[in-house]
Amino acid sequence: GQSLEQPSEVTAVEGAIVQINCTYQTSGFYGLSWYQQHDGGAPTFLSYNALDGLEETGRFSSFLSRSDSYGYLLLQELQMKDSASYFCAVATGGGNKLTFGTGTQLKVEL
Amino acid sequence: GAVVSQHPSWVICKSGTSVKIECRSLDFQATTMFWYRQFPKQSLMLMATSNEGSKATYEQGVEKDKFLINHASLTLSTLTVTSAHPEDSSFYICSARSVRGQDTEAFFGQGTRLTVV
């Protein structure tokens with residue numbers, strides 16, 4: 001089976017940089033995705049890494065090390081609206097199936 | 001990006017009744033759709049993989065006779081919660097992948113909040 005570990009909660013101030021780590025154990029690894037979910041809403045896609053390295057999309061960047069079974073999401077210039085839950089998810093089955101991590105509740109404070 | 005529409009967004013039903021949730025891909029065809037369940041403050045748990053024209057593949061521990069999935073077309077999958085009980089109250093979310101190539105993004109519906117009373 002698959003297992004993914006994330007910190008349960010992270011708190012940071014507006015304008016700061018925060019990193020959310022994700023370690024995973026899985027077979028048939030295809031890639032690592034990151035999703036944001038606000039309370040009561042559906043997950044929205046943030047980024048995807050299939051290869052080692054850093055992917056940058058605006059204020060968000062995501063990193064993957066396949067050899068270490070580890071990845072992280074980096075959020076820069078934090079804004080209050082970034083307060084949400086963030087999930088890493090491993091893609092397996094040829095990228096067809098997503099298994100989600102435990103989720104990290106990010107609280108951005110003034 | 002692609003749009004996945006889920007209906008209803010919330011439903012309250014009596015214990016023992018059945019509830020049907022629809023998931024539609026509005027601007028693309030989806031050979032595969034996924035159904036997730038999420039309890040408050042918890043992660044999304046994959047319930048089943050729905051394949052167009054064939055039987056769904058259920059995850060371990062998910063009762064296929066209780067959670068009926070039908071994927072009759074490339075744009076529609078339905079999840080029916082049969083004989084619902086209060087413990088089935090949860091947030092149910094579908095997602096879909098496009099048939100075109102190796103897309104890396106799953107498109108999610110807006111979710112259905114089911115409350116069984």
Side-chain angles (χ1 to χ4, degrees), chain A residues 1-9 20 22-24 26 28-51 53 55 57 60 62 64 71 83-107, chain B residues 1-10 21 23 30-52 54 56-62 71 90-115:
Chain A
Q2 289 91 13
S3 70
L4 297 93
E5 295 286 334
Q6 301 177 235
S8 59
E9 200 172 294
I20 300 174
C22 174
T23 57
Y24 60 87
T26 187
F29 178 85
Y30 199 77
L32 186 72
S33 298
W34 288 91
Y35 288 82
Q36 179 192 62
Q37 186 181 31
H38 286 96
D39 278 348
T44 55
F45 174 80
L46 293 177
S47 68
Y48 175 78
N49 296 68
L51 302 174
E55 294 282 342
T57 309
F60 298 146
S62 59
L64 175 66
S83 293
S85 291
Y86 291 83
F87 294 91
C88 59
V90 291
T92 57
N96 201 37
K97 178 177 173 179
L98 283 179
T99 302
F100 284 80
T102 50
T104 299
Q105 178 84 35
L106 172 64
K107 296 180 182 178
Chain B
V3 177
V4 174
S5 176
Q6 192 171 335
H7 177 81
S9 56
W10 61 271
I21 302 170
C23 180
T31 54
T32 306
M33 290 186 176
F34 303 87
W35 288 95
Y36 294 85
R37 178 168 54 182
Q38 185 179 34
F39 292 106
K41 303 296 184 185
Q42 294 188 24
S43 186
L44 287 80
M45 300 301 297
L46 180 65
M47 298 175 67
T49 302
S50 169
N51 299 298
E52 186 264 337
S54 64
T57 304
Y58 290 82
E59 295 299 302
Q60 195 170 11
V62 178
H71 193 154
S90 187
F91 192 51
Y92 292 86
I93 312 173
C94 69
S95 75
R97 289 180 70 239
S98 168
V99 297
R100 293 168 297 183
Q102 296 294 309
D103 289 304
T104 58
E105 180 178 350
F107 304 102
F108 284 84
Q110 57 267 56
T112 298
R113 189 159 302 282
L114 169 65
T115 302

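The basis for the numbers below is simple: all heavy atoms, side chains too, and nothing from hydrogens, waters or symmetry mates.
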Using non-hydrogen atoms and a 4.5 Å limit, figure out which bit of B:E59 sits close to chain A: side chain, backbone, both or neither. side chain

B:L44 vs A:Y35 side-chain heavy atoms within contact, under 4.5 Å: no

Between A:Q37 and B:I93, is any pair of side-chain heavy atoms under 4.5 Å apart?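 Sidechains of B:I93 and A:Q37: in contact.
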
With chain A, the option among B:Q60, B:Q42, B:Q38, B:Q110 that has the most non-hydrogen atom pairs under 4.5 Å is B:Q38

As a test of understanding, state which of B:L46, B:T57, B:T32 forms a side chain to side chain contact (heavy atoms under 4.5 Å, CB included) with A:K97.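 Between A:K97 and the candidates, side chain to side chain contact (heavy atoms under 4.5 Å, CB included) is satisfied uniquely by B:L46.
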
Near A:H38 NE2, under 6.0 Å, is it more than 12 heavy atoms from other residues, nucleotides or ligands?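 Correct, the count exceeds 12.
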
If every non-hydrogen atom of A:A42 is compared with every non-hydrogen atom of B:G109, which pair is closest and at what distance?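 A:A42 and B:G109 have their closest heavy atoms at CB-O, 2.9 Å.
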
Whether the side chain of B:S43 engages the backbone of A:G103 through a donor-acceptor N/O pair (distance < 3.5 Å, no angle test) should be reported. no

Looking at NZ of B:K41 and CG of A:D39, how far apart are the two atoms once the value is rounded to the nearest 0.5 Å? 5.0 Å

